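Here the structure is laid out as structure tokens; the discussion comes afterwards.
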Amino acid sequence: MPAGAALSEPFAFTLPPAAALLAWYARQKRELPWRGETDPYRIWLSEVMLQQTTVASVGPRYARFLARFPDVGALARAPWPEVAEEWAGLGYYARARNLHAAAQAVAARGGFPRDAEGLRELPGIGAYTSAAVAAIAFGQPVLPVDGNVERVMARLAAIDTPLPAARPLLARLAGGFMADAAARAAPGDFAQALFDLGATICTPRNPACALCPWMAECRARKQGIQAELPVKAPKRARLVLHGIHFLLRDARGAIGVRLRPAEGLFGGMWELPGTPWREAPWSVADALPHAPAPGVNWREAEGVASHGLTHRELSLGLLVGRVAELPPGLSPLGAEAGLATVMRKLLALSGAGES
DNA sequence: AATCCGGGGTC
DNA sequence: GACCCAGGATT
């Protein structure tokens, strides 16, 4: 045996039979809007929407997006502000920008690449999404490894190496399922069966092992440590950032907004003008030099908009004012503009409403 | 390998 | 509140 083989397989672990999971899936699978779809555009859209986003959140947005952009050509032709509007509130806005760019690339080349390697070249499609689309839409024998699959594998093989360091090992173990004829014959179903197992049985907390088709083979279950796995590295504390924004109306009542830069936080989305966000709180006097127009009689809105993100906590205050005409650089806020949720919270502070 | 990037459901 | 979610890009 070559030395590399021994290093890559430090755990002598026999995978449980794929057929048992597929049989369970046939009975217990969730009914989801994208289930049964094979159109690569629809599968791709569902996978991108589901990145770090719960099924419950995606459900209503998936149908709405497809109604507006029914195929990849329609999405490719759409101007960015319409895509931003349709994605508003879903978060991780780079997904929408990459989705738009990828649609244009696919339209230009006349269709989707048919395998994971080709899909991987498209913006916003990484190791997971390329494998998911290849398996579900094209029947390629690859296994997408998401958080569900990592958790299931960590428990099956009782891997106590903390994430994310354990990720390569877990992916390697999971890939072993593609040597199982039952999984290889239905890679899309098998992947989704693993997702459903992780979502409904092998859950992060209080896994329902008694209902698991692989209970007998699960090492963590045998050791009684299933609820402790996977181990995760400790998370860093969140930084609190402060800012003050300006709600400026013109004589007709239109609210002035501007487009954020394409990169970075809330990239490409509309915002109320404001100060930079920093750790030190702003006084009104410090904020005024950042006002979008001079000589405005600003009124301080009650309270602050608090908004938690993965690595930051935003605390934003609001000043409200009126001018005859919006200054250059500000556009009137459209009724359905692409506003991130934190900006809708700011608007709500003033009683301006959200839509 | 670490960090950035949203928002909501859930316990 | 803390944790989690059908992750990807960047450095």
Side-chain angles (χ1 to χ4, degrees), chain A residues 29-30 32-35 37 43-62 84 87-99 101-102 119-137 143-152 162-168 171 174 188 190-200 202-207 227 230-239 241 260-269 277 305-314 338-345:
Chain A
K29 68 179 170 188
R30 295 174 289 175
L32 302 173
W34 44 90
R35 275 284 152 79
E37 291 283 356
I43 297 301
W44 169 55
L45 176 66
S46 74
E47 293 301 340
V48 173
M49 279 193 170
L50 287 161
Q51 288 169 7
Q52 294 297 287
T53 308
T54 57
V55 164
S57 297
V58 170
R61 305 299 298 268
Y62 178 71
W87 202 270
L90 271 174
Y92 284 143
Y93 298 99
R95 293 186 295 174
R97 299 195 299 275
N98 287 330
L99 196 75
L119 290 160
R120 185 79 166 75
E121 300 302 314
L122 295 169
I125 297 190
Y128 165 79
T129 305
S130 60
V133 174
I136 298 170
L143 182 63
V145 180
D146 72 334
N148 289 305
V149 179
E150 287 179 349
R151 184 170 59 256
V152 169
L163 287 171
R167 201 152 279 158
F190 185 73
Q192 295 179 87
L194 273 176
F195 301 160
D196 280 18
L197 186 72
T200 65
C202 199
T203 50
R205 285 172 292 198
N206 304 320
V231 178
K232 301 209 169 183
K235 296 179 177 175
R236 287 186 29 178
R238 279 194 307 187
L239 210 57
L241 295 180
R260 290 178 63 86
E263 293 82 27
L265 200 52
F266 308 115
M269 304 300 286
W277 296 338
S306 294
H307 192 68
L309 289 67
T310 303
H311 294 289
R312 295 190 161 86
E313 173 77 25
L314 298 178
L339 286 173
T341 298
V342 63
M343 286 298 147
R344 296 187 181 276
K345 287 184 180 177

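Lettering of chains follows the sequences in order, A, B, ..., and the numbering in each one begins at 1. Remember, it's a predicted structure, so these values are computed and weren't measured experimentally.
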> Who pairs with A:Asn148 by side chain to side chain donor-acceptor pair (under 3.5 Å), at least two apart in sequence or on another chain?
Replying inline: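 Result, side chain to side chain donor-acceptor pair (under 3.5 Å) vs A:Asn148: A:Asp146, A:Arg151.
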>> So for A:Thr53 and B:dG6, does any side-chain atom that can act as donor or acceptor lie under 3.5 Å from a complementary atom in the base?
In response: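 For A:Thr53, whose side chain was compared with the base of B:dG6, there is a donor-acceptor pair (under 3.5 Å).
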>> Does B:dG7 have OP1 or OP2 under 4.0 Å away from a side-chain N or O of A:His307?
In response: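 Yes.
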>> Please confirm whether the shortest side-chain N or O distance from A:Lys235 to OP1 or OP2 of C:dC4 is below 4.0 Å.
In response: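 So the side chain of A:Lys235 is within the cut-off, an N or O lying under 4.0 Å from OP1 or OP2 of C:dC4.
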Using atom [atom1] of [X] as one end and atom [atom2] of [N] as the other, report the distance to the nearest whole Å.
{"X": "A:Tyr62", "N": "C:dA6", "atom1": "OH", "atom2": "P", "value": "16 Å"}
{"X": "A:Arg30", "N": "C:dA6", "atom1": "CZ", "atom2": "C1'", "value": "8 Å"}
{"X": "A:Leu50", "N": "C:dC4", "atom1": "CG", "atom2": "P", "value": "19 Å"}
{"X": "A:Leu239", "N": "B:dC5", "atom1": "CG", "atom2": "C1'", "value": "15 Å"}
{"X": "A:Arg95", "N": "C:dC5", "atom1": "CZ", "atom2": "C1'", "value": "10 Å"}
{"X": "A:Leu309", "N": "C:dC4", "atom1": "CG", "atom2": "P", "value": "18 Å"}
{"X": "A:Lys345", "N": "B:dG6", "atom1": "NZ", "atom2": "P", "value": "14 Å"}
{"X": "A:Arg151", "N": "C:dC4", "atom1": "CZ", "atom2": "P", "value": "9 Å"}

Closest approach to the side chain of [X], judged atom by atom: which nucleotide of [options] is it?
{"X": "A:Ser57", "options": "B:dG8, C:dA6, C:dA9", "answer": "B:dG8"}
{"X": "A:Thr310", "options": "C:dA6, B:dG8, B:dG7", "answer": "B:dG7"}
{"X": "A:Tyr93", "options": "B:dG7, C:dG8, C:dC5", "answer": "B:dG7"}
{"X": "A:Arg205", "options": "B:dC5, B:dG8, B:dC11", "answer": "B:dC11"}

Under 4.0 Å, heavy atoms only, any strand: does [X] hit a base, just the sugar-phosphate, or nothing?
{"X": "A:Trp44", "answer": "nothing"}
{"X": "A:Leu99", "answer": "nothing"}
{"X": "A:Gly89", "answer": "sugar-phosphate"}
{"X": "A:Pro144", "answer": "nothing"}
{"X": "A:Ile125", "answer": "sugar-phosphate"}
{"X": "A:Arg238", "answer": "nothing"}
{"X": "A:Ala340", "answer": "sugar-phosphate"}
{"X": "A:Arg61", "answer": "nothing"}

Between [X] (side chain) and [Y] (backbone), is there a donor-acceptor pair under 3.5 Å?
{"X": "A:Ser130", "Y": "A:Gly126", "answer": "yes"}
{"X": "A:Trp44", "Y": "A:Val48", "answer": "no"}
{"X": "A:Arg260", "Y": "A:Gly267", "answer": "no"}
{"X": "A:Arg97", "Y": "A:Ala262", "answer": "yes"}
{"X": "A:Ser46", "Y": "A:Ile43", "answer": "yes"}

>> What's the gap between C:dA6 and B:dT10 when it is taken at their P atoms, as a whole Å value?
In response: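 One P to the other, the span is 12 Å.
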>> Suppose you measure atom P in B:dG6 against the same atom in C:dT10; what distance do you get, rounded to whole Å?
In response: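 One P to the other, the span is 14 Å.
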>> Quick check on DNA chain B: between A:Gln52 and A:Ala56, whose nearest nucleotide comes earlier from the 5' end?
In response: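 That would be A:Gln52.
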> Any Lys/Arg nitrogen of A:Asp196 or A:Arg30 sitting under 4.0 Å from an Asp/Glu carboxylate oxygen of the other?
Replying inline: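 Salt bridge: yes.
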> Which of parallel (below 30°), tilted (30 to 60°) and perpendicular (above 60°) describes A:Tyr128 and A:Phe195?
Replying inline: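 A:Tyr128 and A:Phe195: tilted rings.
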> Taking the inter-plane angle between the rings of A:Trp34 and A:Tyr62 on a 0 to 90° scale, is it parallel (under 30°), tilted (30 to 60°) or perpendicular (over 60°)?
Replying inline: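 If you compare the ring of A:Trp34 with that of A:Tyr62, the planes turn out perpendicular.
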> For A:Thr129 and A:Gln51, what are the C-alpha separation, side-chain angles and deciding distance, and is it a side-chain hydrogen bond (donor to acceptor under 3.5 Å, both in side chains)?
Replying inline: CA-CA 9 Å; A:Thr129 305; A:Gln51 288 169 7; 2.9 Å; yes
Produce the list of close N/O pairs, under 3.5 Å, pairing protein atoms with atoms of nucleotides 1-4 of chain B; give distances to one decimal.
unit_1 : atom_1 : unit_2   : atom_2 : d
B:dT3  : OP1    : A:Arg236 : NH1    : 3.0

> For DNA chain C, what residues of residues 127-136 of chain A have any heavy atom nearer than 4.0 Å?
Replying inline: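 Within residues 127-136 of chain A, the residues near DNA chain C are A:Ala127, A:Tyr128, A:Thr129.
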> Can you tell me how far the CE atom of A:Met49 sits from the CZ atom of A:Arg61, to the nearest 0.5 Å?
Replying inline: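 Spacing of CE (A:Met49) from CZ (A:Arg61) equals 6.5 Å.
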> Which residue, A:Asp146 or A:Leu122, contacts DNA chain C at a nucleotide closer to its 5' end, judged by nearest heavy atom?
Replying inline: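 Result: A:Asp146.
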